[in-house]
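Presented below is the structure to which this report refers.
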Amino acid sequence: MDTEEGVEVVWNEVLFSDRKVLKALEDKIKEMFENLMQVEHPNIVKFHKYWLDTKDNRARVVFITEYMSSGSLKQFLKKTKKNHKTMNVKAWKRWCTQILSALSYLHSCEPPIIHGNLTCDTIFIQHNGLLKIGSVWHRLFVNVVPEGSVHSHMRHQRDEKRNLHFFSPEYGSGEDDYAIDIFSFGICALEMAVLEIQANGDAVVSKEAITNAGQSLEDPLMREFTQSCVRHEASERPTAHDLLFHRVLFEVHSLKLLAAHCLINNQYLLSENCVEEKTKSIDPNSVMAEISHEARPGVQLKYSHVSSLELDKFLEDVKNGIYPLMNFASTKPHPVPRALSMSQEQVETSKTPTPEPQETESRKVVQMHCNLESNEEGTKTHLSLFLKMEDKLHRQLSCDILPSDSSRDLVTELVHYAFISEEDGERMLVFLEDALSRHRRALMATAMTATVSQGR
(Lines give C-alpha, C1' and ligand atoms only; values in the text may rest on other atoms or scores of the structure.)
Protein backbone atom coordinates (compact mmCIF):
# COMPACT_ATOMS: atom_id res chain seq x y z
CA MET A 1 0.00 0.00 0.00
CA ASP A 2 1.36 3.40 -1.02
CA THR A 3 0.55 5.38 2.12
CA GLU A 4 1.16 8.73 0.41
CA GLU A 5 -1.35 8.19 -2.41
CA GLY A 6 -3.51 5.63 -0.60
CA VAL A 7 -3.42 3.16 -3.49
CA GLU A 8 -2.21 -0.39 -3.90
CA VAL A 9 1.03 -0.91 -5.82
CA VAL A 10 3.27 -3.87 -6.66
CA TRP A 11 6.65 -4.25 -4.94
CA ASN A 12 9.18 -6.09 -7.15
CA GLU A 13 12.63 -7.31 -6.08
CA VAL A 14 15.56 -8.71 -8.05
CA LEU A 15 18.14 -10.24 -5.70
CA PHE A 16 21.80 -10.37 -6.74
CA SER A 17 24.18 -13.10 -5.64
CA ASP A 18 27.07 -10.65 -5.24
CA ARG A 19 27.12 -6.99 -4.17
CA LYS A 20 30.15 -6.37 -6.39
CA VAL A 21 28.19 -7.40 -9.47
CA LEU A 22 25.39 -4.99 -8.59
CA LYS A 23 27.88 -2.18 -7.96
CA ALA A 24 29.61 -2.85 -11.30
CA LEU A 25 26.26 -2.74 -13.14
CA GLU A 26 24.84 0.19 -11.17
CA ASP A 27 25.05 2.78 -13.98
CA LYS A 28 23.58 0.44 -16.61
CA ILE A 29 20.72 -0.61 -14.33
CA LYS A 30 19.96 3.02 -13.45
CA GLU A 31 19.96 4.00 -17.10
CA MET A 32 17.62 1.13 -17.93
CA PHE A 33 15.12 2.05 -15.21
CA GLU A 34 15.32 5.76 -16.00
CA ASN A 35 14.31 4.90 -19.56
CA LEU A 36 11.47 2.69 -18.33
CA MET A 37 10.24 5.50 -16.03
CA GLN A 38 9.75 7.62 -19.15
CA VAL A 39 7.57 5.00 -20.86
CA GLU A 40 4.11 6.54 -20.79
CA HIS A 41 1.21 4.71 -22.41
CA PRO A 42 -2.32 3.87 -21.18
CA ASN A 43 -1.83 0.20 -22.14
CA ILE A 44 1.54 -0.32 -20.42
CA VAL A 45 1.89 -1.01 -16.69
CA LYS A 46 3.33 2.16 -15.14
CA PHE A 47 6.70 2.26 -13.36
CA HIS A 48 6.46 4.47 -10.28
CA LYS A 49 9.87 4.29 -8.61
CA TYR A 50 13.03 2.21 -8.24
CA TRP A 51 16.15 2.08 -6.07
CA LEU A 52 19.27 -0.03 -5.52
CA ASP A 53 19.72 -1.45 -2.03
CA THR A 54 23.22 -2.55 -0.93
CA LYS A 55 22.84 -2.00 2.82
CA ASP A 56 23.30 -4.72 5.45
CA ASN A 57 25.02 -7.09 3.04
CA ARG A 58 22.01 -6.99 0.75
CA ALA A 59 22.28 -6.69 -3.01
CA ARG A 60 18.95 -6.05 -4.66
CA VAL A 61 17.04 -3.83 -7.05
CA VAL A 62 13.58 -2.79 -5.87
CA PHE A 63 11.04 -1.25 -8.22
CA ILE A 64 7.43 -0.23 -7.68
CA THR A 65 4.88 -0.74 -10.43
CA GLU A 66 1.18 -0.14 -10.94
CA TYR A 67 -1.22 -2.68 -9.42
CA MET A 68 -3.65 -4.34 -11.84
CA SER A 69 -6.84 -5.08 -9.94
CA SER A 70 -8.31 -7.90 -12.03
CA GLY A 71 -5.30 -10.17 -12.50
CA SER A 72 -3.78 -11.54 -15.69
CA LEU A 73 -5.36 -12.22 -19.07
CA LYS A 74 -4.59 -15.93 -18.56
CA GLN A 75 -6.66 -15.98 -15.36
CA PHE A 76 -9.55 -14.20 -17.09
CA LEU A 77 -9.57 -16.64 -20.02
CA LYS A 78 -9.56 -19.60 -17.61
CA LYS A 79 -12.54 -18.20 -15.69
CA THR A 80 -14.40 -17.50 -18.93
CA LYS A 81 -13.85 -21.05 -20.17
CA LYS A 82 -14.81 -22.52 -16.79
CA ASN A 83 -18.14 -20.67 -16.94
CA HIS A 84 -18.77 -22.09 -20.43
CA LYS A 85 -18.74 -18.65 -22.02
CA THR A 86 -17.07 -17.37 -25.19
CA MET A 87 -15.09 -14.23 -25.91
CA ASN A 88 -17.20 -11.43 -27.35
CA VAL A 89 -15.87 -10.42 -30.79
CA LYS A 90 -16.10 -6.70 -29.98
CA ALA A 91 -14.11 -7.24 -26.78
CA TRP A 92 -11.55 -9.32 -28.72
CA LYS A 93 -11.08 -6.50 -31.25
CA ARG A 94 -10.85 -3.86 -28.54
CA TRP A 95 -8.23 -5.84 -26.59
CA CYS A 96 -6.20 -6.62 -29.71
CA THR A 97 -6.19 -2.90 -30.52
CA GLN A 98 -5.03 -2.02 -27.00
CA ILE A 99 -2.16 -4.55 -27.03
CA LEU A 100 -1.06 -3.45 -30.52
CA SER A 101 -1.27 0.19 -29.45
CA ALA A 102 1.23 -0.55 -26.64
CA LEU A 103 3.53 -2.61 -28.91
CA SER A 104 3.48 0.06 -31.61
CA TYR A 105 4.52 2.62 -28.98
CA LEU A 106 7.37 0.46 -27.64
CA HIS A 107 8.67 -0.41 -31.10
CA SER A 108 8.64 3.24 -32.18
CA CYS A 109 10.80 4.39 -29.25
CA GLU A 110 14.35 5.45 -30.08
CA PRO A 111 16.01 3.00 -29.67
CA PRO A 112 13.11 0.51 -30.03
CA ILE A 113 12.04 -1.37 -26.91
CA ILE A 114 11.45 -5.08 -27.59
CA HIS A 115 9.23 -6.69 -24.97
CA GLY A 116 10.49 -10.24 -25.49
CA ASN A 117 8.25 -11.82 -22.84
CA LEU A 118 4.70 -11.23 -24.07
CA THR A 119 2.34 -13.98 -22.91
CA CYS A 120 -1.19 -14.12 -21.49
CA ASP A 121 0.52 -14.15 -18.05
CA THR A 122 2.23 -10.79 -18.66
CA ILE A 123 -0.88 -9.00 -19.94
CA PHE A 124 -3.08 -7.66 -17.15
CA ILE A 125 -6.64 -6.38 -16.81
CA GLN A 126 -8.02 -3.44 -14.88
CA HIS A 127 -11.50 -3.47 -13.31
CA ASN A 128 -12.81 -1.26 -16.14
CA GLY A 129 -11.78 -3.72 -18.87
CA LEU A 130 -8.55 -1.94 -19.80
CA LEU A 131 -5.64 -4.19 -20.82
CA LYS A 132 -2.05 -3.34 -19.92
CA ILE A 133 1.23 -5.00 -20.85
CA GLY A 134 3.53 -5.80 -17.93
CA SER A 135 7.11 -7.14 -17.58
CA VAL A 136 8.44 -4.57 -20.07
CA TRP A 137 11.66 -4.57 -18.00
CA HIS A 138 12.27 -8.32 -18.47
CA ARG A 139 14.26 -8.41 -21.74
CA LEU A 140 16.18 -5.22 -20.92
CA PHE A 141 17.22 -6.67 -17.57
CA VAL A 142 18.27 -9.99 -19.10
CA ASN A 143 20.41 -8.10 -21.62
CA VAL A 144 22.12 -6.02 -18.91
CA VAL A 145 22.63 -8.61 -16.14
CA PRO A 146 25.10 -11.49 -16.66
CA GLU A 147 23.84 -15.08 -16.50
CA GLY A 148 23.79 -16.55 -12.99
CA SER A 149 24.19 -13.26 -11.10
CA VAL A 150 20.60 -12.99 -9.83
CA HIS A 151 18.45 -15.13 -7.53
CA SER A 152 15.13 -15.04 -9.36
CA HIS A 153 12.89 -16.86 -11.78
CA MET A 154 13.27 -14.22 -14.48
CA ARG A 155 15.57 -16.35 -16.64
CA HIS A 156 13.34 -19.40 -16.40
CA GLN A 157 10.16 -17.89 -17.85
CA ARG A 158 11.28 -18.75 -21.38
CA ASP A 159 11.83 -22.35 -20.27
CA GLU A 160 8.36 -22.83 -18.77
CA LYS A 161 6.86 -25.52 -20.97
CA ARG A 162 3.33 -24.15 -20.74
CA ASN A 163 4.49 -20.85 -22.27
CA LEU A 164 6.95 -22.12 -24.89
CA HIS A 165 4.42 -21.70 -27.71
CA PHE A 166 4.39 -17.91 -27.15
CA PHE A 167 8.01 -17.60 -28.29
CA SER A 168 8.96 -17.37 -31.96
CA PRO A 169 11.32 -19.85 -33.68
CA GLU A 170 14.12 -17.26 -33.87
CA TYR A 171 13.83 -16.21 -30.19
CA GLY A 172 17.25 -15.97 -28.50
CA SER A 173 19.19 -16.26 -31.74
CA GLY A 174 20.74 -12.82 -31.30
CA GLU A 175 19.11 -11.62 -34.51
CA ASP A 176 15.58 -11.29 -33.14
CA ASP A 177 13.76 -7.95 -33.31
CA TYR A 178 10.22 -6.60 -32.96
CA ALA A 179 8.95 -9.62 -34.95
CA ILE A 180 9.28 -11.81 -31.83
CA ASP A 181 6.69 -9.59 -30.12
CA ILE A 182 4.36 -9.91 -33.13
CA PHE A 183 4.59 -13.72 -32.96
CA SER A 184 3.81 -13.65 -29.22
CA PHE A 185 0.92 -11.24 -29.82
CA GLY A 186 -0.48 -13.59 -32.48
CA ILE A 187 -0.59 -16.45 -29.96
CA CYS A 188 -2.21 -14.15 -27.37
CA ALA A 189 -4.84 -13.05 -29.93
CA LEU A 190 -5.50 -16.71 -30.78
CA GLU A 191 -5.87 -17.69 -27.12
CA MET A 192 -8.23 -14.77 -26.55
CA ALA A 193 -10.40 -16.00 -29.42
CA VAL A 194 -10.48 -19.71 -28.47
CA LEU A 195 -9.88 -19.18 -24.69
CA GLU A 196 -7.18 -21.89 -24.61
CA ILE A 197 -5.00 -23.66 -27.17
CA GLN A 198 -5.29 -27.34 -26.26
CA ALA A 199 -2.01 -29.18 -25.69
CA ASN A 200 -3.76 -32.57 -26.17
CA GLY A 201 -2.15 -34.07 -23.08
CA ASP A 202 1.34 -32.94 -24.06
CA ALA A 203 3.40 -30.71 -21.79
CA VAL A 204 4.10 -28.34 -24.70
CA VAL A 205 1.56 -26.82 -27.10
CA SER A 206 2.50 -28.14 -30.55
CA LYS A 207 2.57 -26.32 -33.89
CA GLU A 208 -0.28 -28.56 -34.99
CA ALA A 209 -2.39 -27.45 -32.02
CA ILE A 210 -1.74 -23.78 -32.93
CA THR A 211 -2.72 -24.44 -36.56
CA ASN A 212 -5.89 -26.27 -35.50
CA ALA A 213 -6.86 -23.43 -33.15
CA GLY A 214 -6.42 -20.92 -35.99
CA GLN A 215 -8.49 -23.02 -38.39
CA SER A 216 -11.29 -23.28 -35.82
CA LEU A 217 -11.99 -19.53 -36.07
CA GLU A 218 -15.19 -18.97 -38.05
CA ASP A 219 -14.34 -15.43 -39.17
CA PRO A 220 -11.94 -15.64 -42.16
CA LEU A 221 -10.52 -12.19 -41.34
CA MET A 222 -9.65 -13.30 -37.80
CA ARG A 223 -7.98 -16.42 -39.24
CA GLU A 224 -5.94 -14.36 -41.69
CA PHE A 225 -5.05 -11.85 -38.96
CA THR A 226 -3.70 -14.42 -36.47
CA GLN A 227 -1.95 -16.51 -39.13
CA SER A 228 -0.04 -13.47 -40.44
CA CYS A 229 1.37 -12.92 -36.93
CA VAL A 230 2.67 -16.47 -36.40
CA ARG A 231 4.43 -16.96 -39.75
CA HIS A 232 7.67 -18.91 -39.40
CA GLU A 233 9.76 -16.31 -41.22
CA ALA A 234 10.18 -13.20 -39.09
CA SER A 235 10.51 -10.94 -42.14
CA GLU A 236 7.03 -11.97 -43.31
CA ARG A 237 5.27 -10.87 -40.14
CA PRO A 238 3.59 -7.44 -40.19
CA THR A 239 4.45 -4.63 -37.79
CA ALA A 240 2.19 -3.64 -34.90
CA HIS A 241 1.33 -0.43 -36.74
CA ASP A 242 0.37 -2.37 -39.88
CA LEU A 243 -1.83 -4.74 -37.88
CA LEU A 244 -3.84 -1.81 -36.53
CA PHE A 245 -4.89 -1.17 -40.14
CA HIS A 246 -5.88 -4.79 -40.78
CA ARG A 247 -9.47 -5.14 -42.00
CA VAL A 248 -10.53 -7.07 -38.92
CA LEU A 249 -9.59 -4.16 -36.59
CA PHE A 250 -9.63 -1.00 -38.69
CA GLU A 251 -12.59 1.31 -38.42
CA VAL A 252 -13.21 4.97 -39.14
CA HIS A 253 -13.47 6.63 -35.76
CA SER A 254 -16.71 8.37 -34.87
CA LEU A 255 -16.81 12.14 -34.49
CA LYS A 256 -17.74 11.51 -30.86
CA LEU A 257 -14.48 9.62 -30.23
CA LEU A 258 -12.37 12.21 -32.10
CA ALA A 259 -13.99 15.00 -30.06
CA ALA A 260 -13.40 13.08 -26.81
CA HIS A 261 -9.68 12.68 -27.58
CA CYS A 262 -9.44 16.37 -28.47
CA LEU A 263 -11.10 17.26 -25.16
CA ILE A 264 -8.81 14.95 -23.15
CA ASN A 265 -5.67 16.27 -24.88
CA ASN A 266 -6.65 19.84 -23.98
CA GLN A 267 -8.15 19.20 -20.55
CA TYR A 268 -5.61 21.49 -18.89
CA LEU A 269 -7.66 24.38 -20.33
CA LEU A 270 -10.89 23.08 -18.80
CA SER A 271 -12.27 22.67 -15.31
CA GLU A 272 -12.47 19.18 -13.81
CA ASN A 273 -16.27 18.91 -14.12
CA CYS A 274 -16.66 20.95 -17.31
CA VAL A 275 -19.21 18.57 -18.89
CA GLU A 276 -21.52 18.81 -15.89
CA GLU A 277 -21.17 22.61 -15.75
CA LYS A 278 -21.84 22.93 -19.47
CA THR A 279 -24.91 20.69 -19.48
CA LYS A 280 -26.39 22.52 -16.47
CA SER A 281 -26.19 25.86 -18.26
CA ILE A 282 -27.96 24.58 -21.40
CA ASP A 283 -31.71 24.33 -21.85
CA PRO A 284 -32.33 20.58 -22.34
CA ASN A 285 -35.11 21.30 -24.83
CA SER A 286 -32.94 23.48 -27.08
CA VAL A 287 -31.92 22.04 -30.46
CA MET A 288 -28.32 20.88 -30.71
CA ALA A 289 -28.37 19.91 -34.39
CA GLU A 290 -30.91 19.49 -37.16
CA ILE A 291 -30.97 17.31 -40.25
CA SER A 292 -33.19 18.64 -43.05
CA HIS A 293 -34.88 16.49 -45.70
CA GLU A 294 -36.71 17.78 -48.77
CA ALA A 295 -39.27 15.00 -49.14
CA ARG A 296 -39.91 14.26 -45.47
CA PRO A 297 -39.80 16.01 -42.09
CA GLY A 298 -36.37 16.82 -40.70
CA VAL A 299 -34.80 15.37 -37.58
CA GLN A 300 -34.03 17.50 -34.56
CA LEU A 301 -31.43 16.45 -31.99
CA LYS A 302 -31.95 18.04 -28.58
CA TYR A 303 -29.57 18.28 -25.65
CA SER A 304 -32.02 16.21 -23.60
CA HIS A 305 -31.17 13.24 -25.85
CA VAL A 306 -27.65 13.14 -24.38
CA SER A 307 -26.96 11.94 -20.84
CA SER A 308 -24.22 13.90 -19.05
CA LEU A 309 -23.47 10.80 -16.94
CA GLU A 310 -22.93 8.72 -20.08
CA LEU A 311 -20.66 11.44 -21.49
CA ASP A 312 -18.61 11.56 -18.28
CA LYS A 313 -18.24 7.75 -18.33
CA PHE A 314 -17.22 7.81 -22.01
CA LEU A 315 -14.64 10.55 -21.41
CA GLU A 316 -13.24 8.62 -18.45
CA ASP A 317 -12.92 5.48 -20.60
CA VAL A 318 -11.14 7.44 -23.35
CA LYS A 319 -8.82 9.03 -20.80
CA ASN A 320 -7.98 5.58 -19.38
CA GLY A 321 -7.02 4.27 -22.82
CA ILE A 322 -9.93 1.91 -23.46
CA TYR A 323 -10.58 3.49 -26.88
CA PRO A 324 -7.13 4.37 -28.31
CA LEU A 325 -7.06 6.63 -31.35
CA MET A 326 -4.44 4.68 -33.29
CA ASN A 327 -5.56 4.93 -36.89
CA PHE A 328 -4.53 8.58 -37.02
CA ALA A 329 -1.50 8.38 -34.75
CA SER A 330 1.87 9.65 -35.88
CA THR A 331 4.44 7.01 -36.79
CA LYS A 332 7.28 9.23 -35.60
CA PRO A 333 9.49 7.56 -32.99
CA HIS A 334 8.99 8.51 -29.37
CA PRO A 335 12.32 9.61 -27.88
CA VAL A 336 13.20 8.01 -24.56
CA PRO A 337 15.41 10.30 -22.44
CA ARG A 338 18.78 8.87 -21.48
CA ALA A 339 19.54 11.02 -18.44
CA LEU A 340 20.67 9.21 -15.30
CA SER A 341 19.13 10.25 -12.00
CA MET A 342 21.43 11.40 -9.20
CA SER A 343 21.84 9.10 -6.22
CA GLN A 344 20.82 10.43 -2.80
CA GLU A 345 24.51 10.76 -1.88
CA GLN A 346 25.19 12.85 -4.98
CA VAL A 347 22.19 15.07 -4.23
CA GLU A 348 23.43 15.72 -0.70
CA THR A 349 27.01 16.54 -1.78
CA SER A 350 25.89 18.82 -4.60
CA LYS A 351 23.93 21.18 -2.32
CA THR A 352 25.36 24.71 -2.18
CA PRO A 353 24.28 27.92 -0.43
CA THR A 354 23.18 29.42 -3.76
CA PRO A 355 19.89 28.14 -5.23
CA GLU A 356 20.39 25.63 -8.01
CA PRO A 357 17.82 24.56 -10.58
CA GLN A 358 16.25 21.21 -9.70
CA GLU A 359 16.22 18.15 -11.90
CA THR A 360 13.90 18.57 -14.85
CA GLU A 361 10.22 17.75 -14.35
CA SER A 362 9.00 14.82 -16.48
CA ARG A 363 5.40 14.58 -15.29
CA LYS A 364 2.72 16.17 -17.43
CA VAL A 365 0.27 18.80 -16.24
CA VAL A 366 -3.29 17.55 -16.76
CA GLN A 367 -5.13 20.62 -15.46
CA MET A 368 -4.26 24.31 -15.15
CA HIS A 369 -6.17 27.06 -13.37
CA CYS A 370 -5.07 30.54 -12.45
CA ASN A 371 -6.33 33.59 -10.59
CA LEU A 372 -5.14 37.15 -11.28
CA GLU A 373 -5.66 40.11 -8.95
CA SER A 374 -4.30 43.63 -9.57
CA ASN A 375 -3.84 46.53 -7.18
CA GLU A 376 -5.94 49.66 -7.63
CA GLU A 377 -3.19 51.48 -9.53
CA GLY A 378 -2.76 48.50 -11.90
CA THR A 379 1.02 48.61 -11.41
CA LYS A 380 1.27 45.11 -10.00
CA THR A 381 -0.67 41.90 -10.51
CA HIS A 382 -0.65 38.87 -8.22
CA LEU A 383 -0.78 35.52 -10.04
CA SER A 384 -1.94 32.32 -8.30
CA LEU A 385 -1.35 29.24 -10.41
CA PHE A 386 -2.93 25.85 -9.63
CA LEU A 387 -1.50 22.79 -11.37
CA LYS A 388 -2.68 19.18 -11.24
CA MET A 389 0.02 16.72 -12.33
CA GLU A 390 -0.63 13.36 -14.00
CA ASP A 391 0.29 11.48 -10.78
CA LYS A 392 -2.44 13.47 -8.92
CA LEU A 393 0.08 15.80 -7.26
CA HIS A 394 -1.30 19.34 -6.85
CA ARG A 395 0.94 22.39 -7.06
CA GLN A 396 -0.06 25.89 -5.98
CA LEU A 397 2.34 28.62 -7.07
CA SER A 398 2.10 32.37 -6.73
CA CYS A 399 4.11 35.44 -7.67
CA ASP A 400 3.76 39.16 -8.38
CA ILE A 401 3.84 40.21 -12.03
CA LEU A 402 4.98 43.62 -13.22
CA PRO A 403 3.66 45.13 -16.47
CA SER A 404 7.09 44.51 -18.01
CA ASP A 405 6.94 40.74 -17.31
CA SER A 406 5.99 38.56 -20.27
CA SER A 407 4.27 35.16 -20.30
CA ARG A 408 7.36 33.62 -21.87
CA ASP A 409 9.55 34.86 -19.00
CA LEU A 410 7.20 33.20 -16.52
CA VAL A 411 7.17 29.92 -18.45
CA THR A 412 10.98 29.93 -18.73
CA GLU A 413 11.24 30.21 -14.94
CA LEU A 414 8.64 27.48 -14.37
CA VAL A 415 10.62 25.08 -16.59
CA HIS A 416 14.00 26.14 -15.18
CA TYR A 417 12.96 25.44 -11.60
CA ALA A 418 11.27 22.16 -12.57
CA PHE A 419 7.72 23.21 -11.71
CA ILE A 420 6.60 22.04 -15.16
CA SER A 421 8.15 19.92 -17.90
CA GLU A 422 9.66 21.44 -21.02
CA GLU A 423 6.97 19.67 -23.06
CA ASP A 424 4.27 21.61 -21.19
CA GLY A 425 6.06 24.92 -21.84
CA GLU A 426 4.15 25.88 -25.01
CA ARG A 427 0.79 24.85 -23.54
CA MET A 428 1.52 26.92 -20.42
CA LEU A 429 2.55 29.87 -22.60
CA VAL A 430 -0.76 29.82 -24.51
CA PHE A 431 -2.69 29.38 -21.25
CA LEU A 432 -0.97 32.31 -19.48
CA GLU A 433 -1.17 34.65 -22.48
CA ASP A 434 -4.89 33.97 -22.78
CA ALA A 435 -5.45 34.49 -19.03
CA LEU A 436 -3.39 37.70 -18.93
CA SER A 437 -5.05 39.18 -22.02
CA ARG A 438 -8.52 38.47 -20.59
CA HIS A 439 -7.49 40.00 -17.26
CA ARG A 440 -6.11 43.14 -18.94
CA ARG A 441 -9.28 43.53 -21.03
CA ALA A 442 -11.34 43.25 -17.85
CA LEU A 443 -9.19 45.93 -16.17
CA MET A 444 -9.60 48.23 -19.17
CA ALA A 445 -13.36 47.72 -19.19
CA THR A 446 -13.52 48.49 -15.46
CA ALA A 447 -11.40 51.59 -15.93
CA MET A 448 -13.60 52.81 -18.80
CA THR A 449 -16.75 52.22 -16.77
CA ALA A 450 -15.27 54.17 -13.88
CA THR A 451 -14.28 57.05 -16.22
CA VAL A 452 -17.77 57.22 -17.73
CA SER A 453 -19.34 57.20 -14.25
CA GLN A 454 -17.09 60.07 -13.12
CA GLY A 455 -17.94 62.06 -16.28
CA ARG A 456 -21.63 61.73 -15.49
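We number each residue from 1, following the sequence as shown.
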* For S286, side chain to side chain contact (heavy atoms under 4.5 Å, CB included) partners two or more places apart -> I282, D283, Y303
* Asked: Are a donor atom and an acceptor atom from the side chains of Q396 and H369 found within less than 3.5 Å of each other?
  -> no
* Asked: Parallel, tilted or perpendicular for F167 and Y171, by the 30°/60° rule?
  -> perpendicular
* To do: Evaluate the side-chain proximity of N43 to L130: yes if any heavy-atom separation is below 4.5 Å, no if none is.
  => yes
* **Heavy-atom side-chain contact between V14 and V62 under 4.5 Å** => no
* Structure fact -> Residues at least two apart in sequence or cross-chain that pass side-chain hydrogen bond (donor to acceptor under 3.5 Å, both in side chains) with D242, listed by chain then number, are T239
* To do: Sequence neighbours left out, what passes side-chain hydrogen bond (donor to acceptor under 3.5 Å, both in side chains) with E40? Give chain and number order.
  => K46
* Heavy atoms, side chains only, cut-off 4.5 Å: are D53 and K55 in contact? -> yes
* Taking the six-membered ring for Trp, are the ring centroids of Y50 and F63 within less than 6.0 Å of each other? -> no
* **Residue list, salt bridge (charged side-chain N to carboxylate O under 4.0 Å, His left out) with K78, at least two apart or on another chain** => none
* Structure fact -> R247 meets the salt bridge (charged side-chain N to carboxylate O under 4.0 Å, His left out) criterion, sequence neighbours left out, with E224
* Asked: So, are E26 and K30 salt-bridged, with charged N and O less than 4.0 Å apart?
  -> yes
* Asked: What pairs with S235 under side chain to side chain contact (heavy atoms under 4.5 Å, CB included), at least two apart in sequence or on another chain?
  -> E233
* Report yes if the side chains of H115 and V136 come closer than 4.5 Å at any heavy-atom pair, otherwise no. => yes
* Would you call E390-R363 a salt bridge at under 4.0 Å N-O? -> no
* Structure fact -> salt bridge (charged side-chain N to carboxylate O under 4.0 Å, His left out) filter on R237, not counting sequence neighbours, yields E170
* E361 and S421: side chain donor to acceptor below 3.5 Å -> no
* Look at K74 together with D121 and state whether they make a salt bridge at an N to O cut-off of under 4.0 Å. => no
* Asked: ring-ring contact (aromatic ring centres under 6.0 Å, His included) with H107: which residues, sequence neighbours excluded?
  -> Y178
* Asked: Does any N or O in the side chain of S184 come within less than 3.5 Å of the main-chain N or O of F166, such that one atom is a donor and the other an acceptor?
  -> yes
* Structure fact -> By side chain to side chain contact (heavy atoms under 4.5 Å, CB included), V45 pairs with (sequence neighbours left out) T65, E66, M68, F124, K132
* **pair T412-Y417: side-chain heavy atoms closer than 4.5 Å** => no
* **By salt bridge (charged side-chain N to carboxylate O under 4.0 Å, His left out) - contacts of D434 (at least two apart)** => R438
* Compare all side-chain heavy atoms of F183 with those of P169 and state whether any distance is below 4.5 angstrom. => yes
* Residue pair T97 / Y323, side-chain heavy-atom distance below 4.5 Å -> no
* Structure fact -> The side-chain hydrogen bond (donor to acceptor under 3.5 Å, both in side chains) partners of D219 (sequence neighbours excluded) come to none
* Structure fact -> With sequence neighbours left out, the residues meeting side chain to side chain contact (heavy atoms under 4.5 Å, CB included) with T80 are F76, K85, L195
* Step through the shown structure and confirm whether more than 12 heavy atoms of other residues, nucleotides or ligands are within 6.0 Å of CD on E422. => no
* To do: Please indicate whether E290 has more than 12 foreign heavy atoms, meaning atoms of other residues, nucleotides or ligands, lying under 6.0 Å from its CD.
  => yes
* Evaluate the ring planes of W51 and W11, with Trp represented by its six-membered ring, and classify them as parallel (under 30°), tilted (30 to 60°) or perpendicular (over 60°). => perpendicular
